[in-house]
Amino acid sequence: MTTQHHDVLVIGAGVSGIYQIKRLTDLGIDAIVLEGDDDLGGTWYRNRYPGARFDSESYTYGYSFSKELLDEWHWNEMFSAQPENLRYLNYVADKFELRQHMRFDTRIETMKWDEDQRRWHLSTSTGDTYSCRFVITSLGPLSIPTLPNYEGMDLFNGPSFHTWSWPKDPVELEGKRVGVIGTGATGIQVIAEIADKVGELTVFQRRPNWSAPLNNRTISDEEMAAIRDRYDEIFANCAASPNGFEHVPDPRRFWTVTEEERRRTWDELYEQPGFAILAANFADIFFDEKANQEVTAYIADRIRQRVKDPETAEKLIPTDHGFGMQRLPLETHYFEAYNRDNVHLVSLAETPIERITATGIQTTAQHHDLDLIVYATGFNAITGGYDQIEITGTDGQTLGEKWNDGPSTYVGVLTTGFPNMFMVAGPQSASGSTNFPRAIETGVNWVTGLIQHVVENGVTRVEARPEAEQAWVDEVVRAHERMLFRTSKGWFTGYNSNVEGHQEGKIRYQAYFGGAPAYAAKVNESTANGYQDLDLS
Ligand code: NAP
């Protein structure tokens with residue numbers, strides 16, 4: 001078997017990998033993308049579950065790099081659904097003839113750094129081997145689904161799958177008794193979408209999640225024309241806002257505004273599209289416990305108003321964390337689904353699942369007969385993609401060993417001991433915590449600039465200086481510890497009960513919460529000072 005050699009290998013053909021290969025091939029660099037799935041699209045290829053859609057405004061999610069593309073593409077909805085999103089990514093790949101640089105069904109199993117040759121050697125699931133000077137990992141922050149480990153899961157007679165693996169062929173829902181486990185952003189979307197399409201729907205909720213209306217609507221031709229005229233302004237607004245959206249925090253301090261005025265503000269925000277309720281709220285709700293308690297009480301009241309049965313309403317209201325303290329799911333008629341006679345809520349806090357049986361789910365209270373089980377149980381977030389590959393760096397150390405207690409990086413892109421490996425949307429970047437595609441453009445642009453610099457200067461080895469990495473980790477921890485959500489569970493703090501080695505209450509600092517402008521400033525400063533934080537040789 002022969003090894004294929006390239007200057008750069010990009011791993012993953014999702015939103016990041018597509019843009020990364022575009023930038024590299026524009027520079028005439030010898031690069032290809034290796035993708036484990038049989039087609040491109042990553043998140044939007046896999047998440048085919050009913051209700052899957054953006055919660056970023058569609059026109060802030062698309063790529064900004066091509067005026068022609070921006071002029072050509074028409075978003076049909078403010079928050080576009082998965083089929084359209086996948087069409088968009090295919091349109092981009094076809095328009096810029098990127099498929100020719102992609103190899104599908106090629107999952108990377110091992111990556112080994114060769115110090116003498118200053119190259120990476122990669123082995124794949126197909127048995128093919130590759131070598132390259134630089135490797136760019138665009139593995140996706142939410143690409144490794146995690147299932148619970150209930151006894152009997154393999155015994156269930158009907159179809160059962162994680163939402164990430166929702167089949168391509170239509171799934172028969174009509175008249176079926178469906179169980180959904182999990183009420184994160186995914187569960188909330190799927191539950192709201194299928195409630196009126198199934199026979200009976202039983203939701204198995206471990207902990208309730210705060211959620212607020214998405215307020216989606218279609219985009220008319222006239223509106224789209226106005227959006228096109230405004231694209232420069234839109235992207236500038238996103239770049240200037242902490243979350244990478246057009247929504248900007250209310251400039252007023254929480255306690256300088258009367259209670260009546262605060263509630264009036266929230267009444268307005270609750271009706272606005274997307275993350276306005278969070279991102280355009282008073283910034284104090286993220287830092288001041290009392291301010292957070294007040295907005296939390298307001299949102300709880302909105303749930304009580306929307307759910308007819310008071311007992312069900314109380315079960316849907318989180319009591320272990322405040323509003324915005326975990327990644328906020330946005331919903332369309334989610335709470336109203338529980339007003340339907342065919343929708344039943346099972347609180348696993350009261351009656352835990354004992355086991356999965358051939359015909360359904362047995363809790364400590366009763367057996368629920370089901371035809372289909374949907375696991376909306378989340379992901380091994382942010383570092384999960386790196387756990388799947390055995391990555392061996394200098395001195396034989398593996399990345400898994402280095403990151404055992406959580407990741408450690410320089411601006412989320414490099415990690416010492418693993419030279420010439422650049423992570424796009426990596427751990428401790430701003431990607432997981434801000435509008436994803438806006439942040440990945442920042443990351444891809446920085447990586448591309450760095451590669452261009454090293455190619456032009458004959459550099460063959462790039463590694464972050466340990467002290468620069470430590471300074472970034474300190475900054476990541478500092479930004480995280482300022483926020484109230486430091487005490488909550490969920491993937492923001494890197495905890496997943498289904499992943500071995502994760503400990504409840506032990507934070508893995510996986511995301512940078514200093515905001516999109518601070519992150520961009522940091523990487524731009526690194527370039528401006530001639531990459532002094534890196535060892536280039
Ligand atoms: P998630 O937020 O981690 O939620 C997983 C759910 O499964 C939680 O309700 C969790 O309960 C439950 N669960 C996990 N293990 C369980 C077990 N063993 N038994 C019972 N319940 C269990 O995952 P997600 O909903 O897939 O969302 C992940 C992220 O993907 C989101 O936060 C978001 O960033 C992204 N996403 C985005 C969109 C979009 O609109 N663009 C849509 C979907 C997802 P606990 O809370 O008790 O752990």
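For ligands, and for the atoms within them, numbers begin at 1 and follow the listed sequence.
- Looking only at heavy atoms of the protein, atom 37 (C) of ligand 1 is closest to Arg327 NH2, 3.7 Å.
- Contact annotation: Tyr61 has no heavy atom less than 4.0 Å from any atom of ligand 1.
- In this structure, Tyr512 and Trp472 have tilted ring planes: the angle between them lies in the 30° to 60° band.
- In terms of protein heavy atoms, atom 12 (C) of ligand 1 is closest to Gly182 CA, 3.7 Å.
- For His344 and Tyr338, the ring centers sit 6.0 Å or farther from each other.
- Evaluated by nearest non-hydrogen atom to atom 42 (C) of ligand 1, the leading choice among Arg53, Gln82, Gln189 is Gln189.
- With hydrogens left out, the protein atom closest to atom 44 (C) of ligand 1 is Thr186 OG1, 3.4 Å, a heavy atom.
- Annotation: atom 47 (O) of ligand 1 to nearest protein heavy atom, Arg206 NE, 2.9 Å.
- Centroid-to-centroid, the aromatic rings of Phe436 and Tyr61 stay 6.0 Å apart or farther.
- For atom 23 (O) of ligand 1, the choice among Gly432, Ser488, Gly378 with the nearest heavy atom turns out to be Gly378.
- Under 4.0 angstrom from ligand 1, the non-hydrogen atoms of Trp491 all belong to its side chain.
- The shortest separation from a heavy atom of Tyr150 to ligand 1 is under 4.0 Å, placing the residue in contact.
- Judged by distance alone, the side chains of Ser16 and Gln20 never bring a donor and an acceptor atom under 3.5 Å apart.
- The single protein non-hydrogen atom nearest to atom 38 (C) of ligand 1 is Asp55 OD2, 4.1 Å, given as residue, atom name and distance.
- Annotation: atom 46 (O) of ligand 1 to nearest protein heavy atom, Arg207 NH2, 3.1 Å.
- With 3.5 Å as the limit, one finds a donor-acceptor pair spanning the side chains of Trp266 and Asn281.
- For Phe275 and His247, the ring centers sit 6.0 Å or farther from each other.
- A salt bridge links Glu223 to Arg217: one of the charged nitrogens lies within less than 4.0 Å of a carboxylate oxygen.
- Using modelled atom types, one side-chain atom of Trp403 and one backbone atom of Ser408 make a donor-acceptor pair closer than 3.5 Å.
- Using a 4.0 Å cut-off between heavy atoms, Leu142 contacts ligand 1 through its side chain alone, with no backbone atom that close.
- Close placement of the Trp75 and Trp73 rings is indicated, their centers lying within 6.0 Å of each other.
- Under a 4.0 angstrom heavy-atom cut-off, Gln326 registers as lying outside contact with ligand 1.
- The closest non-hydrogen atom to atom 36 (N) of ligand 1, taken over Pro148, Gly490, Ala185, Pro208, comes from Ala185.
- Given atom 9 (O) of ligand 1, the protein heavy atom at minimum distance is Thr183 N, 2.9 Å.
- At a heavy-atom distance under 4.0 Å, only side-chain atoms of Ile181, from C-beta outward, approach ligand 1.
- Here Leu348 has side-chain heavy atoms under 4.0 Å from ligand 1, and that is the only part of it that gets that close.
- For an aromatic pair to be called close, the ring centres must be under 6.0 Å apart, and His162 with Tyr375 fails this.
- Both tests pass for Arg302 against the ring of Tyr270: distance under 6.0 Å to the centre and angle within 45° of the axis.
- Only the side chain of Asn498 comes within contact range of ligand 1, with a heavy atom under 4.0 Å; no backbone atom does.
- Interface of Phe379 with ligand 1, defined as ligand atoms under 4.0 Å from a residue heavy atom, comprises 26 (O).
- The six-membered or imidazole ring of Phe204 lies near that of His368, with a centre-to-centre distance under 6.0 Å.
- Look at Arg340 and Glu336 and you find no salt bridge, because none of the NZ, NE, NH1 or NH2 atoms lies under 4.0 Å from a carboxylate O.
- Using a 4.0 Å cut-off between heavy atoms, Ala376 contacts ligand 1 through its backbone alone, with no side-chain atom that close.
- In Tyr49, the part holding a heavy atom less than 4.0 Å from any atom of ligand 1 is the side chain.
- Closest protein heavy atom to atom 4 (O) of ligand 1: Gly184 CA, 3.5 Å.
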